[in-house]
Protein chains: 2
Amino acid sequence: MIVTDKITDRRELILDTALRLFTDRGYFNTSVRDIQKEATVSTGSIYHHFENKEAIAKALLAQIESTMVDEIDLIMEATPSAHDRCKAVLKYLFEATENNRDAMHYMLHAKHNEFISNEGPICTSRPFSLMKTIIVEGIRKGEVRNLTPEIVAVNIFGGAIRLICLRIDGVVDKPLPMYLEEFWECTCYGITA
Amino acid sequence: MIVTDKITDRRELILDTALRLFTDRGYFNTSVRDIQKEATVSTGSIYHHFENKEAIAKALLAQIESTMVDEIDLIMEATPSAHDRCKAVLKYLFEATENNRDAMHYMLHAKHNEFISNEGPICTSRPFSLMKTIIVEGIRKGEVRNLTPEIVAVNIFGGAIRLICLRIDGVVDKPLPMYLEEFWECTCYGITA
DNA sequence: GTCTATACCTGGATAGAC
DNA sequence: GTCTATCCAGGTATAGAC
């Protein structure tokens with residue numbers, strides 16, 4: 001997501017620095033001037049490419065959300081069983097946390113509706129509805145226990161998202177993929193000894 | 001928390017309205033003027049009771065954190081087994097979400113370190129370390145599976161916190177205590193059919 | 001302790017040259 | 001498309017009367 005091996009145009013550069021600053025200090029603690037200085041671009045240039053500050057935030061969200069959806073779609077095509085799908089999604093999320101920390105931070109650990117108007121909470125976004133779909137199908141096919149899908153989903157992915165947030169906040173110090181097996185074991189078979 | 005059957009003094013009134021506005025619109029979308037108008041107090045009065053806007057946020061956090069710690073302490077005194085303790089804590093959290101939604105919102109669903117300086121992420125706060133303690137003791141006594149405590153904790157409480165956030169965001173429409181049994185079942189014995 | 005008035009500054013956004 | 005200079009609103013915070 002936001003591949004920046006070589007920043008081609010100004011637009012990319014602006015998005016890239018904005019993402020860095022938004023995740024680092026938060027949206028409201030980042031002024032347009034900050035972005036301007038950090039990216040060594042002019043104010044005019046920023047406002048040429050984006051209508052306003054909020055539009056930058058919106059563009060970032062759309063970009064990241066889209067790559068997440070693509071990734072999960074790939075997993076769903078390649079994998080039929082609900083269990084394998086869930087585990088593969090977790091694997092992807094954990095790896096992305098290490099490889100694209102800022103993007104994951106922005107996607108999972110920011111309150112977009114506080115700065116993007118008409119934006120619902122993340123859980124209503126497309127990647128999340130895909131995750132719920134996996135669960136619903138899993139229950140229908142008898143692979144997953146027949147409980148309220150939302151509860152099951154929150155048990156699997158909610159816990160994972162919290163773990164990702166802990167990692168982003170620097171509370172967990174080992175790379176998340178190292179915990180994948182253990183986490184998955186715990187989710188599938190519970191915590192009871 | 002923040003018992004406001006009858007608002008005695010101005011200080012309480014300010015805190016109470018600030019909490020409402022902070023959770024409703026977010027800290028940065030709430031100006032001191034907003035608090036002043038909404039509480040029908042004067043700016044001078046606010047700055048008499050609090051050093052600055054941040055101090056209001058700090059006071060709120062301390063107050064809510066303190067009542068949560070008291071509540072969990074009570075549970076730990078009354079309940080010996082790790083399982084019962086966890087379930088009781090979940091019950092408390094779910095009920096508090098319904099009865100003190102704003103307080104829970106502020107505690108669990110806000111990024112304090114973006115507006116309170118020198119404040120770590122919530123997970124480093126006292127209520128959360130108590131939760132981890134419950135798990136660690138449970139593992140030691142053989143009641144909980146012998147896995148990394150953080151992973152187990154995030155599986156139980158992380159999922160619960162996400163569920164609380166979903167409820168706060170209006171995505172879950174039934175009161176959380178209704179899901180307690182199901183959630184707990186799912187956590188203890190896993191999601192595998 | 002509470003009020004009103006106001007100072008001061010930073011933030012978002014625009015204008016217009018190049 | 002990019003720059004510099006600038007405008008203006010709204011934010012936090014203070015001063016000083018009552």
Side-chain angles (χ1 to χ4, degrees), chain A residues 2 4 6-61 63 106 110-119, chain B residues 2 4 6-61 63 106 110-119:
Chain A
I2 308 173
T4 46
K6 189 157 192 202
I7 305 245
T8 51
D9 56 331
R10 286 280 204 272
R11 198 191 136 89
E12 281 295 298
L13 173 62
I14 293 164
L15 280 176
D16 210 57
T17 35
L19 177 63
R20 217 177 58 236
L21 295 176
F22 287 171
T23 50
D24 194 40
R25 322 173 177 177
Y27 177 85
F28 291 103
N29 293 319
T30 305
S31 70
V32 175
R33 271 198 255 271
D34 291 337
I35 303 174
Q36 175 250 305
K37 269 183 270 176
E38 192 75 10
T40 47
V41 221
S42 67
T43 326
S45 192
I46 293 183
Y47 282 95
H48 172 77
H49 289 286
F50 300 94
E51 199 193 330
N52 50 30
K53 190 184 168 188
E54 186 184 326
I56 303 176
K58 245 179 179 145
L60 278 173
L61 194 58
Q63 206 171 15
Y106 188 69
K111 295 196 74 183
H112 313 107
N113 45 16
E114 278 186 6
F115 50 87
I116 303 181
S117 48
N118 312 329
E119 183 72 23
Chain B
I2 308 173
T4 47
K6 192 156 190 204
I7 304 240
T8 50
D9 56 331
R10 286 280 205 271
R11 199 189 134 89
E12 283 293 298
L13 173 62
I14 293 164
L15 281 175
D16 210 57
T17 36
L19 176 62
R20 219 177 56 236
L21 295 176
F22 286 171
T23 49
D24 194 41
R25 324 173 175 176
Y27 177 84
F28 291 103
N29 293 320
T30 305
S31 70
V32 175
R33 271 199 255 270
D34 290 338
I35 303 174
Q36 174 250 307
K37 270 184 269 178
E38 193 76 11
T40 49
V41 220
S42 68
T43 325
S45 191
I46 293 182
Y47 282 95
H48 171 76
H49 289 288
F50 300 95
E51 199 192 333
N52 50 30
K53 190 184 168 188
E54 187 184 326
I56 303 178
K58 244 180 180 144
L60 277 173
L61 194 59
Q63 206 171 16
Y106 188 70
K111 297 196 74 184
H112 312 106
N113 44 17
E114 278 187 5
F115 50 88
I116 302 181
S117 48
N118 312 327
E119 182 74 22

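Values reported hereafter were calculated over all heavy atoms of this structure, with side chains retained and with hydrogens, waters and symmetry mates removed. Below, read A as the first sequence line, B as the second, and so on, with proteins coming before strands; counting in each chain starts at 1.
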Row check, A/F115 ring normal vs A/K53 NZ/CZ: under 6.0 Å, within 45°: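 No.
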Take atom [atom1] of [X] and atom [atom2] of [N], then tell me their distance rounded to the nearest Å.
X     : N      : atom1 : atom2 : result
A/Y27 : C/dG11 : OH    : P     : 13 Å
B/N52 : D/dA13 : CG    : P     : 5 Å
A/K53 : C/dT14 : NZ    : P     : 15 Å
A/R10 : D/dT2  : CZ    : P     : 5 Å
B/I46 : C/dG1  : CD1   : C1'   : 14 Å
A/I56 : C/dG11 : CD1   : C1'   : 13 Å
B/F50 : C/dG1  : CZ    : C1'   : 14 Å
B/I35 : D/dG11 : CD1   : P     : 11 Å

Report the nucleotide, chosen from [options], that has the shortest atom-to-atom distance to any side-chain atom of [X].
X     : options               : value
A/Y47 : C/dT14, D/dG11, D/dG1 : C/dT14
A/S45 : D/dT12, D/dT2, C/dG1  : D/dT2
B/T43 : D/dC3, D/dT14, C/dG12 : D/dT14
B/V32 : D/dC3, C/dC3, D/dT12  : D/dT12
A/R33 : D/dT2, D/dT6, C/dT2   : D/dT6

Side-chain H-bond candidate by donor/acceptor type, A/E54 with A/S117, under 3.5 Å: yes
Residue whose nearest DNA chain C nucleotide is more 5′ - A/F28 or A/G44: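 The residue whose closest nucleotide sits nearer the 5' end is A/F28.
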Side chain B/Y27, main chain B/A110, donor-acceptor under 3.5 Å: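 Not confirmed, B/Y27 side chain does not pair with B/A110 backbone.
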Check: B/L21 main-chain N/O paired with B/D24 side-chain donor or acceptor under 3.5 Å: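 Checked: no pair found.
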Side-chain ion pair, B/E38 and B/R20, N-O less than 4.0 Å: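 B/R20 and B/E38: salt-bridged.
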Below 4.0 Å: OP1/OP2 of C/dT2 and any side-chain N or O of B/H48: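 No, outside the criterion.
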